[in-house]
Amino acid sequence: MLSPKTSPLGKLLDQYIRVRITRNDDSDIALFERDWNNTLYYFVMNADEQIYLRYGGRDARGPLTYLDFDSLELALKQGLELHKHYQNGELKKTDRPQPFFPRDIPPLVERTFAKGQCVECHLIGDFQLIDKEQKGTLDKIRDMYRWPDIRNIGIEVDIPRGLVVKEAKGPAQSAGMKPGDRITALNGTPVYTWADIQYRFDKVPRDAKQLGLTADREGRPVSVAMALPERWWLTDLRFRQLSVDPRSEFECRPLTAEEKQKYNVKPASFAGEITRIGGFAQMMKIHDLKTGDIVTAVDGVDTDEIANTPELYIKLRKHAGDTVTLDIIRDGKPMKMPVNTQRMFFRK
Amino acid sequence: MQLRKFAVCLLFLFIPVLAQDDTLEWLGDYKQALEQARQTKKPIFLEFRCEP
(Lines give C-alpha, C1' and ligand atoms only; values in the text may rest on other atoms or scores of the structure.)
Protein backbone atom coordinates (compact mmCIF):
# COMPACT_ATOMS: atom_id res chain seq x y z
CA MET A 1 0.00 0.00 0.00
CA LEU A 2 2.53 2.56 1.14
CA SER A 3 5.48 1.80 -1.03
CA PRO A 4 7.20 -0.74 -3.28
CA LYS A 5 9.57 -3.11 -1.48
CA THR A 6 12.62 -1.53 -3.06
CA SER A 7 11.89 2.06 -2.02
CA PRO A 8 13.41 3.47 1.21
CA LEU A 9 10.04 3.23 2.97
CA GLY A 10 9.43 -0.23 1.53
CA LYS A 11 12.79 -1.47 2.80
CA LEU A 12 11.93 -0.22 6.27
CA LEU A 13 8.44 -1.68 6.21
CA ASP A 14 9.86 -4.99 5.06
CA GLN A 15 11.61 -5.27 8.42
CA TYR A 16 8.22 -5.26 10.14
CA ILE A 17 5.29 -7.64 10.33
CA ARG A 18 2.61 -5.50 8.76
CA VAL A 19 -1.00 -5.81 9.76
CA ARG A 20 -4.00 -3.75 8.78
CA ILE A 21 -7.17 -3.68 10.88
CA THR A 22 -10.31 -2.27 9.29
CA ARG A 23 -12.86 -3.46 11.84
CA ASN A 24 -12.66 -2.56 15.50
CA ASP A 25 -15.12 -5.17 16.76
CA ASP A 26 -12.47 -7.13 18.67
CA SER A 27 -9.83 -4.44 19.12
CA ASP A 28 -8.60 -3.71 22.61
CA ILE A 29 -9.50 -0.03 22.70
CA ALA A 30 -7.60 0.51 25.94
CA LEU A 31 -4.33 -0.70 24.45
CA PHE A 32 -4.93 1.04 21.13
CA GLU A 33 -6.46 4.20 22.55
CA ARG A 34 -6.21 7.14 20.16
CA ASP A 35 -8.16 10.06 18.81
CA TRP A 36 -11.04 8.08 17.33
CA ASN A 37 -11.59 10.64 14.60
CA ASN A 38 -8.42 9.55 12.83
CA THR A 39 -9.06 7.73 9.57
CA LEU A 40 -5.55 6.25 9.60
CA TYR A 41 -3.47 5.59 12.69
CA TYR A 42 -0.42 3.41 13.30
CA PHE A 43 1.23 1.62 16.18
CA VAL A 44 4.79 0.33 16.19
CA MET A 45 4.96 -2.47 18.74
CA ASN A 46 6.24 -5.97 19.45
CA ALA A 47 4.89 -9.48 19.93
CA ASP A 48 4.54 -8.84 23.68
CA GLU A 49 2.09 -6.03 22.79
CA GLN A 50 4.47 -3.36 24.03
CA ILE A 51 3.86 -0.19 22.03
CA TYR A 52 7.10 1.53 21.07
CA LEU A 53 5.50 4.52 19.39
CA ARG A 54 2.40 5.84 17.67
CA TYR A 55 2.12 7.51 14.31
CA GLY A 56 -0.72 9.63 12.97
CA GLY A 57 -2.78 12.57 14.07
CA ARG A 58 -5.22 15.03 12.70
CA ASP A 59 -6.94 18.27 13.64
CA ALA A 60 -9.80 20.46 12.47
CA ARG A 61 -7.78 21.45 9.40
CA GLY A 62 -8.09 17.96 7.97
CA PRO A 63 -7.44 14.23 8.39
CA LEU A 64 -3.93 14.39 6.93
CA THR A 65 -2.41 17.26 8.94
CA TYR A 66 0.20 15.13 10.67
CA LEU A 67 0.62 12.31 8.13
CA ASP A 68 3.73 12.66 6.05
CA PHE A 69 6.12 10.17 4.42
CA ASP A 70 9.30 11.76 5.80
CA SER A 71 8.09 11.66 9.38
CA LEU A 72 6.78 8.14 8.84
CA GLU A 73 10.25 7.08 7.69
CA LEU A 74 11.74 8.59 10.86
CA ALA A 75 9.16 6.77 12.97
CA LEU A 76 9.89 3.44 11.29
CA LYS A 77 13.64 3.85 11.83
CA GLN A 78 13.02 4.79 15.46
CA GLY A 79 10.78 1.75 15.87
CA LEU A 80 13.52 -0.59 14.65
CA GLU A 81 15.98 1.04 17.01
CA LEU A 82 13.62 0.64 19.98
CA HIS A 83 12.97 -2.97 19.01
CA LYS A 84 16.73 -3.68 19.14
CA HIS A 85 16.88 -2.14 22.61
CA TYR A 86 13.88 -4.22 23.69
CA GLN A 87 15.46 -7.44 22.41
CA ASN A 88 18.69 -6.60 24.22
CA GLY A 89 16.77 -6.06 27.46
CA GLU A 90 17.64 -2.35 27.45
CA LEU A 91 14.07 -1.10 27.21
CA LYS A 92 11.86 -1.21 30.26
CA LYS A 93 8.69 -3.26 29.87
CA THR A 94 5.58 -1.14 30.19
CA ASP A 95 2.39 -2.18 31.94
CA ARG A 96 -0.37 -3.27 29.62
CA PRO A 97 -3.63 -1.44 30.35
CA GLN A 98 -6.66 -3.45 31.49
CA PRO A 99 -8.30 -4.69 28.25
CA PHE A 100 -11.45 -2.86 27.20
CA PHE A 101 -13.47 -3.65 24.10
CA PRO A 102 -16.16 -1.92 22.05
CA ARG A 103 -18.60 -4.55 23.42
CA ASP A 104 -18.05 -3.00 26.87
CA ILE A 105 -19.84 0.21 25.83
CA PRO A 106 -23.60 -0.54 26.01
CA PRO A 107 -24.92 2.26 23.74
CA LEU A 108 -22.28 1.34 21.15
CA VAL A 109 -23.43 -2.29 21.21
CA GLU A 110 -27.00 -1.11 20.67
CA ARG A 111 -25.91 1.14 17.80
CA THR A 112 -23.57 -1.26 15.96
CA PHE A 113 -23.31 -4.93 17.01
CA ALA A 114 -27.04 -5.30 17.56
CA LYS A 115 -27.70 -3.95 14.06
CA GLY A 116 -24.87 -5.89 12.43
CA GLN A 117 -23.13 -2.61 11.59
CA CYS A 118 -19.44 -1.75 11.55
CA VAL A 119 -17.85 -0.36 14.71
CA GLU A 120 -16.42 2.69 12.97
CA CYS A 121 -13.51 4.30 14.78
CA HIS A 122 -15.26 7.60 15.47
CA LEU A 123 -18.27 5.78 16.92
CA ILE A 124 -16.05 4.41 19.69
CA GLY A 125 -15.20 7.94 20.84
CA ASP A 126 -18.73 9.20 20.32
CA PHE A 127 -20.36 6.41 22.29
CA GLN A 128 -17.83 6.51 25.09
CA LEU A 129 -19.01 10.08 25.60
CA ILE A 130 -22.67 9.19 25.27
CA ASP A 131 -22.21 6.34 27.74
CA LYS A 132 -20.64 8.71 30.26
CA GLU A 133 -23.35 11.28 29.65
CA GLN A 134 -26.05 8.67 30.28
CA LYS A 135 -24.32 7.48 33.44
CA GLY A 136 -23.87 11.07 34.67
CA THR A 137 -20.08 10.71 34.78
CA LEU A 138 -19.25 12.98 31.85
CA ASP A 139 -16.53 15.50 32.69
CA LYS A 140 -16.66 17.78 29.67
CA ILE A 141 -13.22 19.30 30.15
CA ARG A 142 -11.60 15.89 30.57
CA ASP A 143 -13.78 13.82 28.22
CA MET A 144 -15.13 16.13 25.53
CA TYR A 145 -12.01 18.20 24.93
CA ARG A 146 -9.73 15.28 24.13
CA TRP A 147 -6.48 15.26 22.23
CA PRO A 148 -5.26 18.86 22.60
CA ASP A 149 -2.61 20.09 20.20
CA ILE A 150 0.77 21.35 21.42
CA ARG A 151 0.13 24.43 19.29
CA ASN A 152 -2.02 25.46 22.31
CA ILE A 153 1.23 25.95 24.23
CA GLY A 154 2.97 27.72 21.38
CA ILE A 155 4.79 24.82 19.73
CA GLU A 156 4.61 24.40 15.98
CA VAL A 157 6.57 21.39 14.79
CA ASP A 158 8.27 20.93 11.46
CA ILE A 159 6.01 18.03 10.45
CA PRO A 160 8.36 16.15 8.08
CA ARG A 161 11.09 16.27 10.75
CA GLY A 162 8.98 14.65 13.46
CA LEU A 163 9.22 16.55 16.72
CA VAL A 164 11.66 19.24 15.64
CA VAL A 165 10.32 22.62 16.76
CA LYS A 166 9.69 24.96 13.86
CA GLU A 167 8.39 27.85 15.91
CA ALA A 168 8.15 28.46 19.66
CA LYS A 169 5.73 31.14 20.75
CA GLY A 170 3.93 32.20 23.95
CA PRO A 171 4.39 29.75 26.85
CA ALA A 172 6.89 27.59 24.93
CA GLN A 173 9.05 30.57 24.07
CA SER A 174 8.83 31.95 27.62
CA ALA A 175 9.94 28.55 28.94
CA GLY A 176 13.00 28.63 26.69
CA MET A 177 12.03 26.32 23.82
CA LYS A 178 13.75 27.27 20.60
CA PRO A 179 13.29 26.52 16.90
CA GLY A 180 15.43 23.49 16.03
CA ASP A 181 14.93 21.79 19.40
CA ARG A 182 13.84 18.17 18.98
CA ILE A 183 11.35 17.27 21.71
CA THR A 184 12.28 13.94 23.31
CA ALA A 185 10.08 13.66 26.42
CA LEU A 186 6.93 15.08 27.96
CA ASN A 187 6.74 15.04 31.76
CA GLY A 188 9.59 12.54 31.70
CA THR A 189 7.99 10.06 29.27
CA PRO A 190 9.87 9.58 25.99
CA VAL A 191 8.05 10.75 22.86
CA TYR A 192 9.16 10.04 19.31
CA THR A 193 6.35 11.27 17.07
CA TRP A 194 3.65 13.89 16.94
CA ALA A 195 1.12 11.17 17.80
CA ASP A 196 3.18 10.25 20.88
CA ILE A 197 3.27 13.81 22.15
CA GLN A 198 -0.44 14.28 21.51
CA TYR A 199 -1.17 11.04 23.38
CA ARG A 200 0.95 12.10 26.37
CA PHE A 201 -0.32 15.70 26.32
CA ASP A 202 -3.88 14.39 26.54
CA LYS A 203 -2.91 12.45 29.69
CA VAL A 204 -1.96 15.64 31.54
CA PRO A 205 -4.57 16.40 34.24
CA ARG A 206 -6.75 19.28 33.07
CA ASP A 207 -6.02 21.28 36.22
CA ALA A 208 -2.24 20.97 35.80
CA LYS A 209 -0.38 24.26 35.95
CA GLN A 210 2.97 23.13 34.62
CA LEU A 211 4.38 20.89 31.91
CA GLY A 212 7.86 19.45 31.67
CA LEU A 213 9.45 19.09 28.25
CA THR A 214 12.83 17.66 27.38
CA ALA A 215 14.47 18.37 24.07
CA ASP A 216 17.65 17.66 22.17
CA ARG A 217 19.40 20.92 21.32
CA GLU A 218 22.40 20.44 19.06
CA GLY A 219 23.13 17.10 20.71
CA ARG A 220 22.65 18.27 24.29
CA PRO A 221 19.56 17.51 26.41
CA VAL A 222 17.67 20.52 27.72
CA SER A 223 14.68 20.45 30.05
CA VAL A 224 12.12 23.16 30.50
CA ALA A 225 9.26 23.60 32.94
CA MET A 226 6.48 25.39 31.13
CA ALA A 227 3.64 27.28 32.79
CA LEU A 228 0.47 25.97 31.17
CA PRO A 229 -1.83 28.72 29.96
CA GLU A 230 -5.50 28.80 30.91
CA ARG A 231 -7.64 26.48 28.76
CA TRP A 232 -4.57 24.75 27.29
CA TRP A 233 -6.80 21.70 26.73
CA LEU A 234 -9.25 23.51 24.46
CA THR A 235 -9.72 21.93 21.04
CA ASP A 236 -11.83 22.64 18.01
CA LEU A 237 -14.84 20.33 18.22
CA ARG A 238 -16.26 21.18 14.81
CA PHE A 239 -14.87 18.12 13.03
CA ARG A 240 -16.14 15.82 15.77
CA GLN A 241 -19.55 15.89 14.24
CA LEU A 242 -21.20 13.35 16.52
CA SER A 243 -20.03 14.83 19.81
CA VAL A 244 -22.23 15.48 22.85
CA ASP A 245 -21.50 19.19 22.96
CA PRO A 246 -24.45 21.55 22.54
CA ARG A 247 -24.20 23.10 19.10
CA SER A 248 -25.01 26.78 19.26
CA GLU A 249 -23.99 27.70 15.71
CA PHE A 250 -22.11 30.82 16.63
CA GLU A 251 -18.52 31.65 17.45
CA CYS A 252 -17.26 34.57 19.43
CA ARG A 253 -14.16 36.23 20.75
CA PRO A 254 -13.73 37.50 24.30
CA LEU A 255 -14.15 41.24 24.80
CA THR A 256 -11.05 43.24 25.71
CA ALA A 257 -10.86 45.07 29.05
CA GLU A 258 -11.62 48.34 27.26
CA GLU A 259 -14.63 46.86 25.49
CA LYS A 260 -15.96 45.46 28.76
CA GLN A 261 -15.76 48.95 30.23
CA LYS A 262 -17.49 50.40 27.18
CA TYR A 263 -20.37 47.91 27.38
CA ASN A 264 -20.55 48.23 31.16
CA VAL A 265 -19.89 44.56 31.92
CA LYS A 266 -17.80 43.16 34.80
CA PRO A 267 -14.05 42.79 34.19
CA ALA A 268 -14.39 39.05 34.97
CA SER A 269 -17.34 38.61 32.61
CA PHE A 270 -17.15 36.08 29.79
CA ALA A 271 -18.87 38.58 27.46
CA GLY A 272 -17.92 38.23 23.82
CA GLU A 273 -18.52 39.52 20.34
CA ILE A 274 -20.05 37.20 17.76
CA THR A 275 -17.54 36.65 14.97
CA ARG A 276 -19.21 33.91 12.95
CA ILE A 277 -22.66 32.46 12.48
CA GLY A 278 -22.85 28.76 11.63
CA GLY A 279 -24.47 27.64 8.41
CA PHE A 280 -27.25 25.73 10.18
CA ALA A 281 -28.37 28.60 12.42
CA GLN A 282 -31.21 29.74 10.20
CA MET A 283 -32.03 26.40 8.61
CA MET A 284 -32.43 24.69 12.00
CA LYS A 285 -34.03 27.79 13.58
CA ILE A 286 -31.35 27.86 16.27
CA HIS A 287 -31.17 31.63 16.70
CA ASP A 288 -31.26 35.00 14.97
CA LEU A 289 -27.89 36.24 16.11
CA LYS A 290 -25.72 38.40 13.85
CA THR A 291 -21.99 38.91 13.65
CA GLY A 292 -21.09 41.95 15.71
CA ASP A 293 -23.70 41.22 18.41
CA ILE A 294 -22.26 41.54 21.91
CA VAL A 295 -23.32 38.71 24.23
CA THR A 296 -23.13 39.76 27.86
CA ALA A 297 -24.84 36.84 29.67
CA VAL A 298 -26.31 33.36 29.21
CA ASP A 299 -29.46 32.63 31.23
CA GLY A 300 -28.52 35.60 33.41
CA VAL A 301 -25.02 34.27 34.15
CA ASP A 302 -22.06 36.38 33.08
CA THR A 303 -19.02 34.81 34.77
CA ASP A 304 -17.54 31.33 34.96
CA GLU A 305 -14.38 29.92 36.49
CA ILE A 306 -13.35 28.30 33.19
CA ALA A 307 -15.25 29.80 30.25
CA ASN A 308 -13.99 33.04 28.74
CA THR A 309 -16.71 33.34 26.09
CA PRO A 310 -20.49 32.73 26.03
CA GLU A 311 -19.88 30.05 23.40
CA LEU A 312 -17.58 28.06 25.70
CA TYR A 313 -19.90 28.63 28.67
CA ILE A 314 -22.75 27.00 26.73
CA LYS A 315 -20.57 24.07 25.65
CA LEU A 316 -19.37 23.41 29.19
CA ARG A 317 -22.43 24.17 31.28
CA LYS A 318 -25.44 23.30 29.10
CA HIS A 319 -26.73 20.10 27.55
CA ALA A 320 -27.19 19.58 23.84
CA GLY A 321 -30.81 20.45 23.10
CA ASP A 322 -31.20 23.03 25.88
CA THR A 323 -32.74 26.38 25.02
CA VAL A 324 -30.87 29.28 26.56
CA THR A 325 -31.51 33.01 26.63
CA LEU A 326 -28.71 35.38 25.78
CA ASP A 327 -28.44 38.98 26.87
CA ILE A 328 -27.10 40.78 23.86
CA ILE A 329 -26.32 44.29 22.74
CA ARG A 330 -27.11 45.00 19.11
CA ASP A 331 -26.50 48.42 17.65
CA GLY A 332 -26.17 49.77 21.18
CA LYS A 333 -29.54 48.38 22.33
CA PRO A 334 -29.89 45.60 24.93
CA MET A 335 -32.02 42.62 23.81
CA LYS A 336 -32.87 39.07 24.84
CA MET A 337 -32.17 36.33 22.31
CA PRO A 338 -33.21 32.66 22.60
CA VAL A 339 -30.78 30.02 21.33
CA ASN A 340 -32.08 26.50 20.74
CA THR A 341 -28.92 24.42 21.04
CA GLN A 342 -28.72 21.28 18.97
CA ARG A 343 -27.32 17.81 19.42
CA MET A 344 -25.52 16.69 16.33
CA PHE A 345 -27.46 13.75 15.01
CA PHE A 346 -25.84 10.64 13.69
CA ARG A 347 -25.10 10.51 10.04
CA LYS A 348 -26.23 6.89 9.67
CA MET B 1 -0.34 -32.89 -27.00
CA GLN B 2 3.32 -31.81 -26.89
CA LEU B 3 2.29 -28.20 -27.33
CA ARG B 4 -0.02 -28.59 -24.38
CA LYS B 5 2.81 -29.99 -22.21
CA PHE B 6 5.03 -27.08 -23.30
CA ALA B 7 2.36 -24.59 -22.37
CA VAL B 8 2.00 -26.16 -18.94
CA CYS B 9 5.81 -26.12 -18.45
CA LEU B 10 5.91 -22.47 -19.49
CA LEU B 11 3.19 -21.68 -17.03
CA PHE B 12 5.13 -23.38 -14.22
CA LEU B 13 8.25 -21.48 -15.24
CA PHE B 14 6.44 -18.19 -15.07
CA ILE B 15 4.55 -18.75 -11.85
CA PRO B 16 7.56 -17.81 -9.66
CA VAL B 17 8.16 -14.71 -11.78
CA LEU B 18 4.53 -13.72 -11.60
CA ALA B 19 4.62 -14.29 -7.85
CA GLN B 20 7.51 -11.84 -7.42
CA ASP B 21 5.19 -9.01 -6.61
CA ASP B 22 6.80 -5.72 -5.76
CA THR B 23 4.17 -4.83 -3.23
CA LEU B 24 4.43 -5.52 0.47
CA GLU B 25 2.07 -8.04 2.01
CA TRP B 26 -0.20 -6.98 4.82
CA LEU B 27 -1.87 -9.35 7.23
CA GLY B 28 -5.46 -8.78 8.18
CA ASP B 29 -5.42 -10.68 11.45
CA TYR B 30 -3.93 -9.20 14.61
CA LYS B 31 -3.34 -12.52 16.38
CA GLN B 32 -1.59 -13.89 13.32
CA ALA B 33 0.63 -10.78 13.30
CA LEU B 34 1.59 -11.38 16.95
CA GLU B 35 2.41 -15.00 16.13
CA GLN B 36 4.53 -14.09 13.10
CA ALA B 37 6.32 -11.39 15.08
CA ARG B 38 7.10 -13.97 17.76
CA GLN B 39 8.49 -16.41 15.20
CA THR B 40 10.50 -13.91 13.15
CA LYS B 41 11.44 -11.64 16.10
CA LYS B 42 10.38 -8.69 13.97
CA PRO B 43 8.50 -5.68 15.31
CA ILE B 44 4.92 -5.03 14.21
CA PHE B 45 3.62 -2.12 12.18
CA LEU B 46 -0.09 -2.01 12.90
CA GLU B 47 -2.40 0.10 10.78
CA PHE B 48 -5.90 1.03 11.85
CA ARG B 49 -7.83 2.15 8.84
CA CYS B 50 -11.40 3.31 9.08
CA GLU B 51 -13.32 2.08 6.06
CA PRO B 52 -16.90 3.11 6.60
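Every chain is numbered from 1, with letters handed out A, B, ... down the list of sequences.
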Notebook entry, point to check: Could you walk me through whether A/K5 and B/T23 pass the side-chain contact (heavy atoms from CB on, under 4.5 Å) check?
Noted result: CA-CA 6 Å; A/K5 268 183 187 174; B/T23 55; over 6 Å; no
Notebook entry, point to check: Does atom CZ of A/F280 have more than 12 heavy-atom neighbours from other groups under 6.0 Å away?
Noted result: no
Notebook entry, point to check: Of the backbone (N, CA, C, O) and the side chain (C-beta and beyond), which part of A/N46 lies under 4.5 Å from a heavy atom of chain B, both, or neither?
Noted result: backbone
Next item on the list: Please examine the side chains of B/E47 and A/V19, heavy atoms only from C-beta on, and report whether any two atoms are closer than 4.5 Å.
Entry: no
Notebook entry, point to check: Around A/K203, counting heavy atoms of other residues, nucleotides and ligands shown, do more than 12 lie under 6.0 Å from its NZ?
Noted result: yes
Next item on the list: Kindly compute the distance separating SG (B/C50) from CH2 (A/W36), expressed to the nearest 0.5 Å.
Entry: 10.5 Å
Item checked: Side chain proximity check, B/R49 to A/I21, heavy atoms < 4.5 angstrom -> no
Notebook entry, point to check: When heavy-atom pairs shorter than 4.5 Å are enumerated against chain B, which of A/V44, A/D48, A/N38 gives the highest number?
Noted result: A/V44
Next item on the list: Identify which part of A/I51 has an atom lying under 4.5 Å from any heavy atom of chain B, answering side chain, backbone, both or neither.
Entry: neither
Notebook entry, point to check: Which heavy atom of A/I17 sits nearest a heavy atom of B/Q36, and at what distance?
Noted result: CD1-OE1, 3.7 Å
Item checked: Engaged part of A/N24 at the chain B interface, taking heavy atoms whose separation is under 4.5 Å -> side chain
Note to self: How close do B/K42 and A/H83 get, counting heavy atoms only, and between which atoms?
What the structure shows: C-NE2, 3.5 Å
Check: Which pair of non-hydrogen atoms, one from A/A47 and one from B/A37, has the smallest distance, and what is that distance?
Finding: CB-CB, 3.9 Å
Next item on the list: Check each atom of B/Q32 against the heavy atoms of chain A and say whether the ones under 4.5 Å are side chain, backbone, both or neither.
Entry: neither
Next item on the list: Heavy atoms only: give me the nearest A/M45-B/L46 pair and the separation to one decimal.
Entry: SD-CD2, 3.9 Å
Next item on the list: State the CZ-CG distance between A/R18 and B/L27, to the nearest 0.5 angstrom.
Entry: 8.0 Å
Margin query: Within the 4.5 Å heavy-atom criterion, are A/L72 and B/F45 side-chain neighbours or not?
Written below: yes
Item checked: Point-to-point distance, once rounded to the nearest 0.5 Å, from CD1 of B/I44 to OH of A/Y52 -> 9.0 Å
Next item on the list: Please state whether the side chain, the backbone, both or neither of A/Y55 comes within less than 4.5 Å of a heavy atom of chain B.
Entry: neither
Next item on the list: Can you tell which part of A/Q50 gets under 4.5 Å to a heavy atom of chain B, answering side chain, backbone, both or neither?
Entry: neither
Checklist line | Atom pair OG (A/S27) and OH (B/Y30), whose distance is rounded to the nearest 0.5 Å | finding: 9.0 Å
Checklist line | Heavy-atom side-chain contact between B/K41 and A/Q87 under 4.5 Å | finding: yes
Margin query: With a 6.0 Å cut-off (strictly less than), is the heavy-atom count around CD of B/E25, excluding the residue itself, greater than 12?
Written below: no
Item checked: A/R34, part contacting chain B, at a heavy-atom distance under 4.5 Å -> side chain
Next item on the list: Could you tell me whether the side chain of B/F48 reaches within less than 4.5 Å of the side chain of A/Y42, counting heavy atoms only?
Entry: no
